[in-house]
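Note sheet for the following structure.
Ligands are counted one by one from 1 in listed order, and the atoms in each one are counted from 1 as well. Residue numbers start at 1 and run along the sequence shown.
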Amino acid sequence: MTALRRDLHRMPEVSGKEMATAARIAGWLEGCGADDVLTDLGGHGVACVFDSGQPGPTVLFRSELDGLPIHETGQPDWRSIIPGVGHMCGHDGHMVILCGLAKRMQERRPARGRVVLLFQPAEETGAGARAVISDAQFERIRPDFAFGLHNLPGMPLGRAATRDDSFCFASEGMTIKLTGWTSHAAHPEDGRSPADAMVDLVMKLPRLPKHLGFAAGEALVTLSHVQMGEAAFGISPGEARIMATIRARTDDMQAALMDAARKQANEVAEEAGLQVGIETAERFMACYNDRAATAILRDAMGATGVESAELGGPFRWSEDFGVFSSVAPSAFFVLGAGKDHPQLHNPDYDFPDEIIPTGLAIFEAIARAQCGALESSGGA
Ligand SMILES: [Zn+2]
Ligand SMILES: [Zn+2]
């Protein structure tokens, strides 16, 4: 498992371009005697099905395929050989946990229902999960329950933690472009500078959650980039651009906050006589842990004897696993990558191989509780 993880780590691919990784995974799954292997699922997604042929639930386990456009600065022997691209979120580790689960399903096949292992593309851009469930092939793997995990630096190595209800925030990027017209810097009155409107929005946008009456920490607008005019002294600017990330605990709060931000941008631009263009990108739905699915997950944590904990509140970051809560009762958990481990997306991050067996044990316990196991026979 460790060798496979390190091989995947060496050859990372960014979101939407996971061709070689997907081929590698599909090859592995074919060697595990799966009853069905799906490829090109919502892009380069891959899935396999272990079908008992008996009635019972379809239980889906999900991992991601993509790396990040980050140059790896760590020096492990298995460091990325692709310049500027690295597995800096640990998706290599998540993949290998599911590859291990495929082996276990081969060794002792499910006795009832179906076990589905899904390797989803483009998690980092928030596009992959939605593309997978919109793919016509998804009907072949539509689950009754879905489970996923993410490794978490800052939490003790191998500790597993979850919670009911809200797990990760919804989020979306918004770009607001204000357009007036340029003039000579000696005669700004002959043009229409977006400066005042830009400053107004920079002040107002982060305060929107409070204006909407959301409790502190439940929703936020983070300015991520502001730019106006050209780097020149002779021109009064004609254009400005503001980028902000908008996040909230629930999808309803997120929708209200997005509407309020749009309205605010339109109002400010209209008052200043500027044109406004609004674009959005990287939309993540909130990740919501169904109570029944989370109970199944907690039982599995208990059964494996893994050190487990309850999370005090949802994470503010987003995870596109949230999309699966819209198709099936689902539950997500975090698995500690070590207290002093480099953070996700740090250039020196590397997935800790020690937690592969832990993630695998929890997933297998869920699969066995739901789908059982045939006694292993010589022919299996
Ligand atoms: Zn990431
Ligand atoms: Zn990730």
Got a sec: is His91 within less than 2.8 Å of the Zn ion (ligand 1) via an N/O/S atom? no
Out of Arg140, Gln120, Gln137, which one pairs with Leu41 under the side chain to side chain contact (heavy atoms under 4.5 Å, CB included) rule? Gln137
CD of Glu282 to OG of Ser318: how many Å apart, nearest 0.5 Å? 10.0 Å
How about Phe315 and Phe167: are their ring centroids closer than 6.0 Å? yes
Heteroatom N/O/S of Cys89 within less than 2.8 Å of the Zn ion (ligand 2): yes
When you draw lines from the Zn ion (ligand 1) to NE2 of His345 and to OE1 of Glu124, what angle lies between them, to the nearest 10°? 90°
Is Arg291 salt-bridged to Asp165, going by a charged N under 4.0 Å from an acidic O? yes
